[in-house]
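Here is the structure we will look at.
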Amino acid sequence: MANEPFTPEEKKVFLASQPELSKAQFDAIAEFIQSNVGIKMPEQKQIMVQSRLLSRLKALKMSNFDDYIAYVFAGGPQSDEEIALMINVITTNLTNFFREKQHFEYMTEKALPELAELGYKDVNIWSAGCSSGEEPYTLSIVMQEFMRTKPNTISGYSVLATDISSNVLGKAMNAVYPMESVADLSMELKKRYFLKSKDKENPLVRVKPELRSKVEFQRLNFMDSSYPIKGEKQIIFCRNVLIYFDKPTQEAVIRKLISHLVPGGYLFLGHSETIFGMDLPLKTVAPTSFKKI
Ligand SMILES: C[S@@+](CC[C@H](N)C(=O)[O-])C[C@H]1O[C@@H](n2cnc3c(N)ncnc32)[C@H](O)[C@@H]1O
């Protein structure tokens, strides 16, 4: 492809000139990541891990992975700090505003009117695995729009947004995005919910304070034995995260998530994630959309 940074041949030369991650080193990292973050690390990920960790070697002025592995697994505060940075570079954080928009349509057309009918004046939402914030801010827009267009139903809401990566949480809290990330939103929504930078060279938008003030961020690892979050939720989004975990881990994570969901509350998963074969108190209401029984 014309805009690929490297041809396959150039890529080979580039990789050959970089420190190489051996199979044994990859296995050590893969095992650590799978048991501490949950992410499956099959052999095919070796090159991806090698190239993502190069930025850490560079930052630490190290020339080989032996030194890096010794440093990261040494134990102590320095090692803990590096583990967090290693998790930041290894996790995949791809996301965007109104990603898989059918979930937000379902929310507006079915879930919120039903929750209002059940007497909920306040709706508490959890974006679990929120990445750089586009999903929780989308949820904040959806709630504002619902309350604006259907007054006297729901009058308040909160969004809790959690992720393991401190890096993406920092970006999410900053709430600044390239202008093109909102290109698919209507002019109305852009005007209502985003501030525009004046810089023509590097056009940016910032989520308006009234949306930001409704979203609270917290670092949370799905591998923890329980999730220390406040209050019950009526809606949980956990999308495009479980796909990286093995089946038993997926089921355990969903079970812990929905222990914070009220009966009749909704869980939304990513488009390729399923609860098939799991024994969970959930009923499918739409594709990858579930209601707690
Ligand atoms: C691909 S993004 C999905 C973002 C958003 N939910 C969406 O669908 O657009 C996956 C996110 O899950 C987070 N993640 C991966 N493993 C995690 C874990 N063990 N605990 C909490 N978050 C994790 C990553 O840091 C990343 O930000």
Side-chain angles (χ1 to χ4, degrees), residues 29-42 45 48-49 52-53 83-107 125-142 159-175 177-178 181-182 184-185 207 215-229 233 235-258 260 266-274 287-290:
I29 291 173
E31 202 187 308
F32 179 85
I33 293 288
Q34 173 136 17
S35 53
N36 290 280
V37 184
I39 298 178
K40 282 181 287 166
M41 301 286 279
K45 292 207 170 171
M48 182 275 274
V49 169
R52 288 190 182 181
L53 285 180
I83 285 171
L85 295 168
M86 175 172 82
I87 292 171
N88 283 350
V89 296
I90 287 184
T91 49
T92 297
N93 309 116
L94 183 81
T95 185
N96 46 255
F97 288 101
F98 285 92
R99 179 180 196 182
E100 296 168 34
K101 71 175 191 316
Q102 69 285 359
H103 286 152
F104 304 106
E105 287 162 3
Y106 185 89
M107 216 177 118
I125 306 175
W126 182 5
S127 165
C130 65
S131 190
S132 38
E134 289 86 336
E135 181 178 275
Y137 291 130
T138 301
L139 287 163
S140 201
I141 294 176
V142 169
V159 181
L160 170 71
T162 63
D163 204 283
I164 193 175
S165 161
S166 49
N167 201 14
V168 292
L169 286 173
K171 286 186 193 162
M173 282 186 243
N174 204 20
Y177 302 95
S181 68
V182 294
D184 292 341
L185 272 63
V207 178
V215 184
E216 196 183 310
F217 293 95
Q218 185 180 324
R219 189 164 184 257
L220 184 144
N221 184 350
F222 289 133
M223 295 309 109
D224 291 347
S225 55
S226 64
Y227 302 157
I229 66 144
K233 306 294 168 198
I235 296 177
I236 298 177
F237 273 64
C238 182
R239 306 186 307 162
N240 307 300
V241 188
L242 296 174
I243 187 134
Y244 302 110
F245 304 161
D246 64 25
K247 205 88 189 160
T249 308
Q250 292 181 1
E251 183 166 351
V253 170
I254 298 177
R255 197 175 294 284
K256 283 181 274 181
L257 285 172
I258 63 172
H260 297 274
Y266 291 89
L267 171 73
F268 296 93
L269 301 181
H271 67 287
S272 52
E273 293 160 340
T274 153
T288 58
S289 312
F290 310 90

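Keep in mind that what you see is a predicted model, and the values were worked out from it rather than measured. When a ligand or atom number is given, it counts from 1 through the structure's own listing order.
Here the protein heavy atom with the shortest distance to atom 9 (O) of ligand 1 is Thr95 OG1, 2.6 Å. The protein non-hydrogen atom at the shortest distance from atom 8 (O) of ligand 1 is Asn240 ND2, 2.8 Å. In this structure, the protein non-hydrogen atom closest to atom 4 (C) of ligand 1 is Gly129 O, 3.3 Å. Shortest contact from atom 25 (O) of ligand 1 to any protein heavy atom: Asp163 OD1, 2.6 Å. In this structure, the protein non-hydrogen atom closest to atom 20 (N) of ligand 1 is Phe222 N, 2.9 Å. When only non-hydrogen protein atoms are considered, atom 17 (C) of ligand 1 lies nearest to Ile164 CG2, 3.6 Å. In terms of protein heavy-atom proximity, atom 2 (S) of ligand 1 is closest to Thr92 O, 3.4 Å. Protein heavy atom closest to atom 16 (N) of ligand 1, with residue, atom name and distance, is Val37 CG1, 3.6 Å.
Between Ser165 and ligand 1, no pair of N/O atoms sits closer than 3.5 Å. An N or O contact shorter than 3.5 Å links Arg99 to ligand 1 by distance.
Separation of atoms CG (Asp163) and CD (Glu135) is listed at 10.0 Å; rounding is to 0.5 Å. Within the model, atoms SG of Cys130 and CG of Leu169 stand 5.0 Å from one another, a figure rounded to the nearest 0.5 Å.
A salt bridge is defined here as a Lys NZ or Arg NE, NH1 or NH2 lying under 4.0 Å from an Asp or Glu carboxylate O, and Lys247 with Glu251 fails to meet this definition.
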Practice task
Could you walk me through whether Phe104 and Phe237 pass ring-ring contact (aromatic ring centres under 6.0 Å, His included), step by step?
Solution key: CA-CA 10 Å; Phe104 304 106; Phe237 273 64; 5.3 Å; yes

Exercise for the section: List the steps and the verdict of side-chain contact (heavy atoms from CB on, under 4.5 Å) for Phe32 and Ile83. Expected result: CA-CA 10 Å; Phe32 179 85; Ile83 285 171; 3.7 Å; yes

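Looking only at side-chain heavy atoms (C-beta outward), Ile90 and Lys45 stay at 4.5 Å or farther from each other. Looking at heavy atoms from C-beta onward, Thr249 lies out of side-chain contact with Gln34 at the 4.5 angstrom threshold.
Phe222 pairs in a side-chain contact (heavy atoms from CB on, under 4.5 Å) with only one of the listed residues (Ile254, Val253, Ile164), which is Val253. Trp126 pairs with exactly one of Leu267, Ile229, Ile235 by the side-chain contact (heavy atoms from CB on, under 4.5 Å) rule, that one being Ile229.
Counting heavy atoms under 4.0 Å from ligand 1, residue Glu135 touches it through the side chain alone. The side chain of Thr91, and not its backbone, has at least one atom closer than 4.0 Å to an atom of ligand 1 (non-hydrogen atoms only; side chain from C-beta on).
Without hydrogens or angle criteria, Thr138 side chain to Glu134 main chain gives a donor-acceptor distance under 3.5 Å.
Taking a cut-off of under 4.0 Å to the non-hydrogen atoms of Arg239, the atoms of ligand 1 that pass are 3 (C), 5 (C), 6 (N), 7 (C), 8 (O). Residue Asn221 approaches ligand 1 through these ligand atoms, each under 4.0 Å from one of its heavy atoms: 18 (C), 19 (N), 20 (N). Listed by number with element, the atoms of ligand 1 under 4.0 angstrom from any heavy atom of Ser131 are 4 (C), 27 (O). Numbered from 1 in the order shown, with element, the atoms of ligand 1 that lie under 4.0 Å from a heavy atom of Leu220 read 20 (N), 21 (C).
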